[in-house]
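Take a look at the structure set out below.
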Amino acid sequence: MAVRDRGDVASPYSVASADVVRAPGGRVESDRLAVEEPLEIRVGGAPVAVTMRTPGHDEELALGFCISEGIRARSARLPADLAANTIDVEADEFDMSRVQRNFYTSSSCGVCGKGALEAVAVEAPRVESELRVRTEFVASLPDTLRAAQPAFAETGGLHATGLFDREGALLCVREDVGRHNAMDKVIGWAYRAEVLPLTDKILCVSGRLSFELVQKAAVAGCPLLVAVGAPSTLAVELARDRGITLCGFVRGGSLNVYSEPWRLED
């Protein structure tokens, strides 16, 4: 595939400098920090959510967020009033009351897992993909992703999501202070690149696997989700329910497969 966006250079809006005191010794030096600012997402001019994100690729973030929530997004742009830190999404058949009912994806919101699984089942059919890859190939993905994280290299404070094809080419990588935002940015990129659903693609994330990330992968139709860290119980339950191969603790040449292991071959 010719369309690729690796983001090899950190966005000037994603990193800022601040003075710090080094201890012991008391030296004052300049440090590099990941930028975090709010982004208001509107649909048809109506505010639907505010997320704390790292600036950059905001249109992709808004599109990916909406797609993950079952909103039939068509495009994203700056709002007509040019409000700062705001993106307006155009969508078909938008129902504000339905969106408000479905905002369960924060791990602190207290909505039961059964209700969340049922909601995802409505938005995302079971992933039907014959994708098969070698275990050694999957084990190598986090290192490839890490090498393509310029803002993390400067700050040590950003999550990342990478989208790979079955040959191992890194098609897109996005960084953000929020792991869910990084995933949304990649999904938004994939929508614009016209590669959704991700039937023959692989998503790799730099941290742990929450229910929220598996939900987004399911809605995007991705059959294989890889992470450096551990999955939660609900993440595993959802992956098994949606037919997604979930790989955690992918590091040092080894990994754990929590669902649909038949997609990995020795």
Side-chain angles (χ1 to χ4, degrees), residues 4-42 47-66 68 76-79 81-89 103 105-109 141-163 170 172-189 203-210 212-213 216 226-230 232 250-251:
R4 298 182 184 179
D5 191 339
R6 292 188 43 146
D8 294 318
V9 178
S11 164
Y13 306 107
S14 65
V15 177
S17 297
D19 288 339
V20 298
V21 177
R22 305 290 188 189
R27 301 186 319 277
V28 177
E29 297 180 358
S30 179
D31 199 7
R32 301 287 277 168
L33 304 178
V35 176
E36 182 177 27
E37 294 180 355
L39 177 70
E40 179 179 271
I41 298 173
R42 301 176 183 174
V48 298
V50 174
T51 184
M52 301 303 295
R53 99 306 188 190
T54 298
H57 308 290
D58 287 342
E59 291 87 353
E60 293 175 353
L61 170 55
L63 285 169
F65 173 84
C66 288
S68 297
R77 57 177 175 79
L78 295 174
D81 61 7
L82 299 180
N85 289 321
T86 303
I87 294 294
D88 198 1
V89 175
F103 281 170
T105 55
S106 170
S107 62
S108 63
C109 74
L141 296 182
D143 288 341
T144 303
L145 177 62
R146 174 65 184 83
Q149 294 177 238
F152 179 85
E154 289 193 44
T155 68
L158 290 165
H159 297 284
T161 295
L163 178 66
L170 179 54
C172 176
V173 60
R174 293 290 181 261
E175 297 180 277
D176 201 280
V177 289
R179 58 175 60 87
H180 54 291
N181 292 335
M183 176 78 79
D184 281 338
K185 288 178 179 180
V186 169
I187 293 173
W189 176 89
L203 286 166
C204 180
V205 301
S206 60
R208 64 181 178 84
L209 283 168
S210 63
E212 181 178 34
L213 294 182
K216 293 177 183 297
V226 177
V228 175
S232 68
V250 185
R251 59 184 76 160

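Side chains included, hydrogens not; waters and symmetry mates left out as well; all remaining heavy atoms used. None of the values given here were measured: they were computed from a predicted structure. Numbering of residues begins at 1 and proceeds along the displayed sequence.
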Set out, in order, the CA-CA distance, both residues' side-chain angles and the distance that settles side chain to side chain contact (heavy atoms under 4.5 Å, CB included) for Leu163 and Trp189, then state yes or no. CA-CA 10 Å; Leu163 178 66; Trp189 176 89; 3.8 Å; yes
Under 4.5 Å between any side-chain heavy atoms of [X] and [Y], yes or no?
X	Y	value
Ser17	Arg32	yes
Ile87	Leu39	yes
Val35	Ser14	no
Leu141	Val250	no
Glu40	Asn85	no
Val186	Leu203	yes
Glu37	Arg53	yes
Gln149	Ser206	yes

Is the shortest side-chain N to carboxylate O distance from Asp58 to Lys185 below 4.0 Å?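 No, no charged N to carboxylate O under 4.0 Å.
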Judged by modelled atom types alone, do [X] and [Y] share a side-chain donor-acceptor pair under 3.5 Å?
X	Y	value
Arg174	Asn181	no
Arg208	Ser232	no
Ser68	Asp184	yes

Considering all heavy atoms of both residues, which atom of [X] and which atom of [Y] are nearest to each other, and what is their separation?
X	Y	answer
Pro79	Asp88	CA-CB, 4.1 Å
Leu170	Gly162	CD1-CA, 4.0 Å
Arg251	Gly229	NH2-CA, 3.8 Å
Ala148	Val173	O-CG1, 3.6 Å

Audit row: His180, Thr51, side chain to side chain contact (heavy atoms under 4.5 Å, CB included) steps and yes/no: CA-CA 10 Å; His180 54 291; Thr51 184; 3.8 Å; yes
Using 0.5 Å steps for rounding, measure from the [atom1] atom of [X] to the [atom2] atom of [Y].
X	Y	atom1	atom2	value
Leu145	Cys204	CG	SG	5.0 Å
Leu213	Lys216	CG	NZ	8.0 Å
Asp176	Thr161	CG	OG1	9.0 Å
Glu175	Thr54	CD	OG1	8.5 Å
Asp31	Leu33	CG	CG	5.5 Å
Leu61	Leu63	CG	CG	9.0 Å

Checking Leu158 against Val177 for the side chain to side chain contact (heavy atoms under 4.5 Å, CB included) test, could you report, in this order, the C-alpha distance in whole Å, the side-chain angles of both residues, the deciding distance, and whether it holds? CA-CA 5 Å; Leu158 290 165; Val177 289; 3.7 Å; yes
List the steps, then state whether side chain to side chain contact (heavy atoms under 4.5 Å, CB included) holds for Val89 with Arg42. CA-CA 6 Å; Val89 175; Arg42 301 176 183 174; over 6 Å; no
Can you list everything that forms a salt bridge (Lys or Arg N to Asp or Glu O under 4.0 Å) with Glu59? Sequence neighbours excluded, please.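 With neighbours one apart ignored, the set is empty.
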Counterpart residues, salt bridge (Lys or Arg N to Asp or Glu O under 4.0 Å), relative to Glu36 (two or more places apart):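 Testing Glu36 for salt bridge (Lys or Arg N to Asp or Glu O under 4.0 Å), a comparison that skips the adjacent residues, returns none.
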What salt bridge (charged side-chain N to carboxylate O under 4.0 Å, His left out) pairs are there with at least one residue in residues 11-22, not counting sequence neighbours?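 Matches after skipping sequence neighbours: Arg22-Glu29.
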Looking at Arg179 and His159, would you say the former's side chain and the latter's main chain have a donor-acceptor pair under 3.5 Å?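 Such a contact is absent between Arg179 side chain and His159 backbone.
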